[in-house]
Amino acid sequence: MPSAGFAISRHGKRRVFRPNSFPKQCLDFAPMKDLPEELLDRICSVMDRKSLCKTMHVSSSLRRVASPHLLVRLGISQSDVRGGTVKLDLSGSLNLILFVAHICPIQRLECFQHSWDMHVSELQRLALILGATAPIPDILIHDRLKEGQQRDSLVLYLLAYIPHTATDTLLIILPWTTLFSASLSIPVHVSRPRAGPPPTGIPPIYSHPQSTPPGILARGFSAILMCLRLALYNLYTIIRCVVLRVFGPGWSVQERISTDVDPIWFHGGLHLQRLPNKHTLVTYRESEASNHFRMEPLNGVSESVYSALLASLDFQFIHATVEAGRNLTLADLATFVSRQNHLHSLDCGQNSIRDLISSSSSQYHVPSKIAHLSAQASDIPHLLPLAPRVERIYLSFLSVSNRLIGPGIFNFFAYCTALEAIARLPGWHDLALSFTFNLAAAHLPWEMEASSDDPEPETQLHRVEHLMLRCTKAKQYSGYVYSSSTIRALLPWLARFPSLQRVSFDKDSVEAIRHDERLQVAAAIASVCPGMIGAGDVAFEIADDDEMRDGW
């Protein structure tokens with residue numbers, strides 16, 4: 001009698017279960033198929049693993065009753081099966097992936113978390129099993145290989161044999177700790193399915209012959225013949241490239257990924273997450289937080305896919321930058337920040353966040369650990385709920401003007417709104433502010449007359465004890481820096497800060513001032529600020545510890 005169990009279907013693609021026949025060693029369990037289901041469940045609950053396996057080969061009804069008990073013996077609970085979560089620690093239990101997939105679709109698979117000293121062949125076997133089952137949206141594979149085993153092509157092998165990763169557009173994020181360059185930001189590599197490699201170039205259309213025959217007519221005929229021969233050769237080369245690209249055997253997945261992302265190693269583990277529109281996020285499983293993540297536009301990646309990437313990314317970062325013009329929604333940024341447990345600084349460039357007016361900032365309160373926040377002043381009220389523990393805030397100001405030529409007018413409304421939001425920050429810790437002004441703009445804060453009706457926004461900043469002043473470094477405003485007279489004009493404005501203890505100027509934003517005059521200016525600032533002891537509390541160079549990530 002043929003043995004029952006999992007077998008390759010006639011189509012050769014998936015493994016199917018054949019319950020109609022069972023081996024001779026299962027004949028003793030045949031009478032059980034006529035028992036009530038409640039009694040069968042009670043009997044299966046006391047069976048060992050070997051007996052349950054024999055029972056499952058009797059009939060489909062017995063298999064339905066015995067399956068949950070067998071999975072429990074193998075460490076998979078019924079709730080995990082219903083939730084689509086499978087965790088496999090032993091390499092010998094990889095066949096359970098096919099077994100569970102026939103009961104319920106698997107939504108998340110985690111392998112080898114508690115296994116040690118594995119061989120590469122186990123991961124290759126896992127790839128073959130995943131290729132025979134339905135696509136799994138979330139796959140986490142831990143690195144438990146023995147020391148000294150070859151790992152170079154292991155990731156390429158896994159990505160090539162898992163069905164959806166071989167056909168999807170891959171978004172690969174590699175930690176720089178594996179690339180020996182931890183000081184750089186972590187990029188997002190995009191690998192799209194293509195028919196062939198990119199063209200390497202076309203031979204020149206014309207080249208001079210090495211020798212020319214004597215005579216004008218002979219030389220002319222030789223030049224025409226050479227040009228015709230080169231034209232035919234180049235036409236043949238172009239047609240050959242097009243035919244190979246369109247009708248050729250195609251590009252292997254390993255070659256395509258290794259060309260787009262090089263190098264790529266199996267380090268710490270591999271996490272595969274299915275995203276919308278046939279995209280797959282590929283990340284390495286690392287125990288420590290990486291250095292810097294830069295959110296920048298990706299060619300060919302839609303906004304919905306990028307939003308899913310930020311929502312699915314479980315990699316931990318210390319610094320994050322939203323590039324200028326990224327046009328990221330506040331909801332996507334809040335989702336990203338909420339998943340980061342070690343994020344220390346957040347830098348948002350100009351026009352990097354959108355939908356701020358339509359979004360209510362009160363709904364995005366995230367208990368993050370962000371200590372440094374940098375953004376333009378108009379975005380600060382919306383970003384502060386993402387950083388309730390912020391210690392240093394770096395503000396830049398955009399000028400408002402309807403003129404095509406000229407520096408414009410200082411955006412005093414954004415300035416007041418930002419300071420009022422900072423004053424409402426919860427907590428009691430001291431704050432440090434950094435202002436980057438365009439000194440060429442009109443109506444700067446120290447040029448505005450105090451209003452008798454409304455209090456100045458600076459007077460509400462009782463927790464601000466350090467103020468850093470910079471100027472815009474654009475080329476058209478390179479001549480506008482802090483001079484001695486400009487700094488003296490700041491005195492009434494600096495006096496509005498009730499708890500100011502330190503003032504620092506960026507050394508590149510201050511013109512050359514004599515040492516004795518600097519002492520006089522510093523003493524004048526200290527005289528109007530009650531929290532300062534003397535001229536030593538005024539610095540004409542900002543310390544490295546007070547700088548924002550990547551400078552200004």
Side-chain angles (χ1 to χ4, degrees), residues 319 321 344-350 370-377 379-380 383-384 387 389-398 410-411 414-416 418-419 421-423 425 429-439 441 444-446 457-474 477 480-484 486-511 513 518 521-522 524-526 528-552:
H319 309 280
T321 298
H344 184 263
S345 65
L346 177 62
D347 184 6
C348 299
Q350 179 180 343
I370 297 177
H372 296 181
L373 177 62
S374 171
Q376 58 189 30
D379 297 346
I380 287 294
L383 296 176
L384 284 179
R389 305 179 185 178
V390 66
E391 299 174 1
R392 293 172 185 159
I393 306 175
Y394 302 80
L395 300 90
S396 58
F397 300 91
L398 297 179
F410 179 76
N411 193 345
Y415 170 80
C416 295
L419 295 192
I422 295 173
L425 268 175
H429 58 275
D430 296 331
L431 299 176
L433 299 184
S434 175
F435 292 150
T436 301
F437 292 113
N438 180 6
L439 298 181
L444 291 168
W446 52 87
E458 299 86 357
T459 58
Q460 306 175 30
L461 303 177
H462 297 279
R463 295 163 53 189
V464 176
E465 58 99 25
H466 185 196
L467 188 63
M468 295 169 279
L469 300 177
R470 314 167 194 264
C471 65
T472 304
K473 295 182 179 180
Y477 307 128
Y480 295 90
V481 294
Y482 290 100
S483 62
S484 176
T486 305
I487 295 177
R488 292 183 182 275
L490 300 178
L491 297 180
W493 174 68
L494 294 175
R496 301 173 189 171
F497 293 87
S499 304
L500 200 58
Q501 300 178 10
R502 293 171 56 200
V503 175
S504 302
F505 293 89
D506 182 20
K507 64 179 181 179
D508 296 331
S509 302
V510 181
E511 69 175 8
I513 304 176
R518 283 195 175 192
V521 171
I525 294 177
V528 299
C529 297
M532 293 187 182
I533 300 176
D537 294 329
V538 180
F540 290 90
E541 181 177 359
I542 297 177
D544 294 338
D545 294 339
D546 295 327
E547 291 285 356
M548 182 63 180
R549 170 78 182 171
D550 289 339
W552 280 70

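Numbering starts at 1 and runs along the sequence shown.
- Nearest heavy-atom pair, T486 versus V481, reported as atom, atom and distance to 0.1 Å: OG1-O, 4.2 Å.
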Next item on the list: Decide yes or no on side-chain hydrogen bond (donor to acceptor under 3.5 Å, both in side chains) for R470 and S434, but give the supporting numbers first.
Entry: CA-CA 7 Å; R470 314 167 194 264; S434 175; 2.9 Å; yes
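- L395 approaches A418 most closely through the heavy-atom pair CD2-CB, 3.7 Å.
- Here CG of L419 is found 9.5 Å from CD1 of I393. Values are rounded to the nearest 0.5 Å.
- Counting only heavy atoms from C-beta outward, the side chains of L373 and I380 approach each other to under 4.5 Å.
- Between F437 and W446, the two ring planes are perpendicular [angle over 60°; tilted spans 30° to 60°].
- Looking only at atom types and distance, the side chain of D347 has a donor-acceptor partner in the side chain of S374 under 3.5 Å away.
- In this structure, the side chains of S504 and H466 come closer than 4.5 Å at one or more pairs of heavy atoms.
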Item checked: Test log, rule side chain to side chain contact (heavy atoms under 4.5 Å, CB included), inputs D379 and C348 -> CA-CA 9 Å; D379 297 346; C348 299; 5.5 Å; no
Notebook entry, point to check: Going through the checks in order, is the side chain to side chain contact (heavy atoms under 4.5 Å, CB included) test met by F410 and L444?
Noted result: CA-CA 6 Å; F410 179 76; L444 291 168; 3.7 Å; yes
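- The two residues S509 and C471 come nearest to each other via the heavy atoms OG-N, 3.2 Å.
- For the pair V390/I422, no side-chain contact is recorded, criterion being any heavy-atom separation below 4.5 Å from C-beta on.
- Residues forming a side-chain hydrogen bond (donor to acceptor under 3.5 Å, both in side chains) with S484 (at least two apart in sequence, or on another chain): E517.
- Contact detail for E391 and H429: the closest heavy-atom pair is CG-CD2, 4.2 Å.
- Q460 and A423 get closest at one heavy-atom pair: O-CB, 3.7 Å.
- Contact check for R488 versus L490: no side-chain heavy atoms found under the 4.5 Å cut-off.
- Between F397 and Y415, the ring planes are tilted. Angles from 30° to 60° get that label.
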Checklist line | Working for side chain to side chain contact (heavy atoms under 4.5 Å, CB included), residues V521 and I513 | finding: CA-CA 10 Å; V521 171; I513 304 176; 5.5 Å; no
Margin query: Working note: L425 + R463, criterion side chain to side chain contact (heavy atoms under 4.5 Å, CB included); need CA distance, chi angles, decisive distance, verdict.
Written below: CA-CA 10 Å; L425 268 175; R463 295 163 53 189; 3.9 Å; yes
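- Within the 4.5 Å cutoff, the side chain of D506 has heavy atoms near those of the I542 side chain.
- For the 3.5 Å distance criterion, the side chains of S499 and H462 fail to qualify, holding no donor opposite an acceptor.
- For the pair E458 and P498, the tightest heavy-atom approach, listed with the atom from each and the gap, is O-CD, 3.5 Å.
- The aromatic rings of H319 and H344 sit perpendicular to each other, their planes meeting at more than 60°, with 30° as the lower class boundary.
- Taking 4.5 Å as the limit, some side-chain heavy atom of F435 sits within range of a side-chain heavy atom of L467.
- Residues M532 and V503 have side chains in contact (heavy-atom distance under 4.5 Å, counting atoms from C-beta outward).
- Atom OG1 of T321 is separated from atom CG of L346 by 7.5 Å, given to the nearest 0.5 angstrom.
- Note that CG of N411 and CG of N438 are 12.0 Å apart. Values are rounded to the nearest 0.5 Å.
- Rounding to the nearest 0.5 Å places CD of Q350 at 5.5 Å from CD of Q376.
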